[in-house]
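Right, one structure below, let's go through it.
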Amino acid sequence: MHTIVTNFSRKVIVPEEGIKLKNEPEPVVRKKYEQEIDRILITKGCLEARITALALEISATFKRIKELDCYVILKGGMFFAADLIRALDEQSDIRTKLDFIKCSSYGNSSKSSGKVDLYKIDELQGENVLLIEDIVDTGKTLKILQEMIGKNAKRFKTCVLLDKGIAKDVQVDFVGFQIPRVFVGGYGLDYAGHYRGLPEIVVIRKELLKK
Ligand code: PRP
């Protein structure tokens, strides 16, 4: 049974069983993924509600600026960034700009390789910069990016949709959800290239994961 959440105005702590809105039906895994996905952790409605609130938090922090340069970490951050940036433009006076950083550390494994490959990092610029990432797990990816990008910006903030609460030495300014220590997919996040197109955050079955 999923927990019903009504307050999205601050970071939402997601319990093991998952969360849904009051008016959403109990979420079920699509038949084609039943063998691979254990359960739905965060429903589409909850993602939408928290992202709307995140956009308000961000615009309140960056108030009085004219332009915000948003840097999205590919590939996982793509769907989250698309919704967040549209919410920012819709709800605030801030003009947004968008660019991408391609970055990879997991390959086809469920464990971070510890080595973060970066492509396109030398052209980053902007006075007010928001780095947008899907998930902070070990924190290795974010730490490297924050060091490289943060030093060039006048004002620099980081926004992450999901945080497992593991990474201790990285600071994240805006967090959507704190999730349990499970391997998640959906809404841009993958396992071995799959599940990115799902509209919700799902838990991948343990038996599927390569060590
Ligand atoms: C995932 C995720 C983050 C990073 C987080 O990317 O999108 O960028 O790992 O892990 P960390 O906190 O342990 O560094 P991945 O390497 O799987 O690339 P992808 O986004 O292209 O799938």
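Counting starts at 1 for both ligands and their atoms, in listed order.
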Original post:
Do any N or O atoms from the side chain of Arg50 and from the backbone of Gly176 form a donor-acceptor pair under 3.5 angstrom?
Top reply: yes
Original post:
Is a side-chain N or O of His2 found less than 3.5 angstrom from the main chain of Glu17, in a donor-acceptor match?
Top reply: yes
**OP:** Heavy-atom distances under 4.0 Å are what count here, so tell me which part of Asp134 touches ligand 1: side chain, backbone, both or neither.
**Re:**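 The side chain, only.
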**OP:** Record the part of Arg196 in heavy-atom contact with ligand 1 below 4.0 Å; permitted values are side chain, backbone, both and neither.
**Re:**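 Only the side chain of Arg196 comes within reach of ligand 1.
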Could you check whether the rings of [X] and [Y] sit parallel, tilted or perpendicular, using 30° and 60° as the cut-offs?
X	Y	answer
Tyr33	Tyr195	perpendicular
Phe183	Tyr191	perpendicular
Phe8	Phe177	perpendicular

By number and element, which atoms of ligand 1 are closer than 4.0 Å to a non-hydrogen atom of [X]?
X	answer
Leu74	20 (O), 21 (O)
Thr138	11 (P), 12 (O), 13 (O), 14 (O)
Asp137	10 (O), 11 (P), 12 (O), 13 (O)
Gly76	19 (P), 20 (O)

**OP:** Determine whether any heavy atom of Lys102 lies closer than 4.0 Å to an atom of ligand 1.
**Re:**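 Heavy atoms of Lys102 never come under 4.0 Å of ligand 1.
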**OP:** Tell me, please: is Asp190 in heavy-atom contact with ligand 1, that is, under 4.0 Å?
**Re:** yes
Original post:
Do Gly139 and ligand 1 have an N or O pair less than 3.5 Å apart?
Top reply: yes
**OP:** Could you tell me whether some N/O pair between Ile135 and ligand 1 is separated by less than 3.5 angstrom?
**Re:**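 No, no N or O pair falls under 3.5 Å.
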**OP:** Flag this pair as yes if the NZ/CZ of Arg155 is under 6.0 angstrom from the six-membered ring centre of Phe62 and inside a 45 degree cone about the axis; otherwise no.
**Re:** yes
Original post:
Any salt bridge between Glu90 and Arg86, counting N to O under 4.0 Å?
Top reply: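 No, this pair does not count.
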